[in-house]
Amino acid sequence: MKKSRHQKIKELVEQYQIETQEELADKLKAAGYAVTQATVSRDIRELKLSKVPLGDGRQIYTILEHSSQYLGDKYIRVLQEGFVSMDMAQNILVIKTVSGMAMAVAAAVDAMKLKEIVGSIAGDDTIMMAVRTVEDTQAVMKKIRSAIEE
């Protein structure tokens, strides 16, 4: 039951912008899981969910395995050493890197397995990523920043 509930929590967090434990508990109950606030709190800790800011003052839960915690030291170093800057044009994310590092940085971002990214193209010092929506592009930028700040 716990494994099934954890899987459902992951699905809900990826599908909805969940801001509170109560909101998560309500969605779980609607999906047929009988949970208490204490159970939801414990699940959040066990799944290593974290809150990330949306930029409008709100914060939502996200799964840390989408960030650098599970990337490994090699990829974190590549991101930290190769990254120069990033900017967006609607749903296209452009990342500037140190000369010759674009492919390595793109591989590190790919290792994050961000569902928002449709695909990426890397040159010598520039990466262009197609992202599903403008909102997803902003979320991806925040996840990359948090990986770099590790």
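We use all heavy atoms of the structure for the numbers below, so side chains are in, but hydrogens, waters and symmetry mates are not.
- Side-chain contact between Leu24 and Asp43: absent, with no pair of heavy atoms (C-beta onward) separated by less than 4.5 Å.
- A side-chain donor-acceptor contact under 3.5 Å links Thr137 to the backbone of Thr133.
- More than 12 non-hydrogen atoms from other residues, nucleotides or ligands lie less than 6.0 angstrom from CE of Met88.
- Contact of the Ile9 side chain with the Leu49 side chain is registered, since non-hydrogen atoms from C-beta on lie closer than 4.5 Å.
- Closest approach of Phe83 to Val105, counting heavy atoms only: N-CG2, 4.2 Å.
- Nearest heavy atom pair, residue Tyr33 against residue Ser4, reads OH-OG, 2.7 Å.
- Here the straight-line distance linking atom CD of Gln37 with atom CZ of Arg42 works out to 10.0 Å at 0.5 Å rounding.
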Exercise for the section: Please step through side chain to side chain contact (heavy atoms under 4.5 Å, CB included) for the pair Met101 and Val78, ending with a clear verdict. Expected result: CA-CA 8 Å; Met101 290 288 292; Val78 166; 4.2 Å; yes

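- The side-chain heavy atoms of Thr62 and Lys143, taken from C-beta on, include a pair separated by under 4.5 Å.
- Between the side chain of Thr97 and the backbone N or O of Ala102 there is at least one donor-acceptor pair closer than 3.5 Å.
- Residues Glu116 and Ala139 approach most closely at OE2-CB, 4.5 Å, considering heavy atoms.
- In this structure a side-chain-to-backbone donor-acceptor pair under 3.5 Å is missing from Glu19 to Ile60.
- Minimum interatomic distance between Ile18 and Thr20 (heavy atoms only, all atoms of both residues): CG2-O, 3.5 Å.
- In the hydrophobic cluster analysis, where Ile, Leu, Val, Met, Phe, Trp and Tyr join through side-chain heavy atoms closer than 4.5 angstrom, Met103 is grouped apart from Ile117.
- To the nearest 0.5 Å, atoms CG (Leu47) and NZ (Lys10) are separated by 6.0 Å.
- Scanning both residues, Ile44 and Gln21, for their nearest heavy atoms gives CD1-CG, 3.5 Å.
- A side-chain donor-acceptor contact under 3.5 Å links Arg132 to the backbone of Lys115.
- Side-chain atoms of Leu93 and Val140, non-hydrogen and from C-beta on, do get closer than 4.5 Å to each other.
- Counting non-hydrogen atoms of other residues, nucleotides and ligands closer than 6.0 Å to CE of Met141 gives a total above 12.
- The minimum heavy-atom distance linking Ala106 with Ile127 is given by the pair N-CD1, 3.5 Å.
- Hydrophobic clustering (ILVMFWY, side-chain heavy atoms < 4.5 Å, transitive): Ile95 and Val98 are in one cluster.
- Without hydrogens or angle criteria, Asp125 side chain to Lys96 main chain gives no donor-acceptor distance under 3.5 Å.
- Geometrically, Lys27 engages Tyr16 in a cation-pi contact defined by less than 6.0 Å to the ring centre and at most 45° from the axis.
- Separation of atoms CZ (Arg45) and NZ (Lys48) is listed at 11.0 Å; rounding is to 0.5 Å.
- Under the 4.5 Å side-chain criterion, counting only non-hydrogen atoms from C-beta, Val109 is in contact with Leu79.
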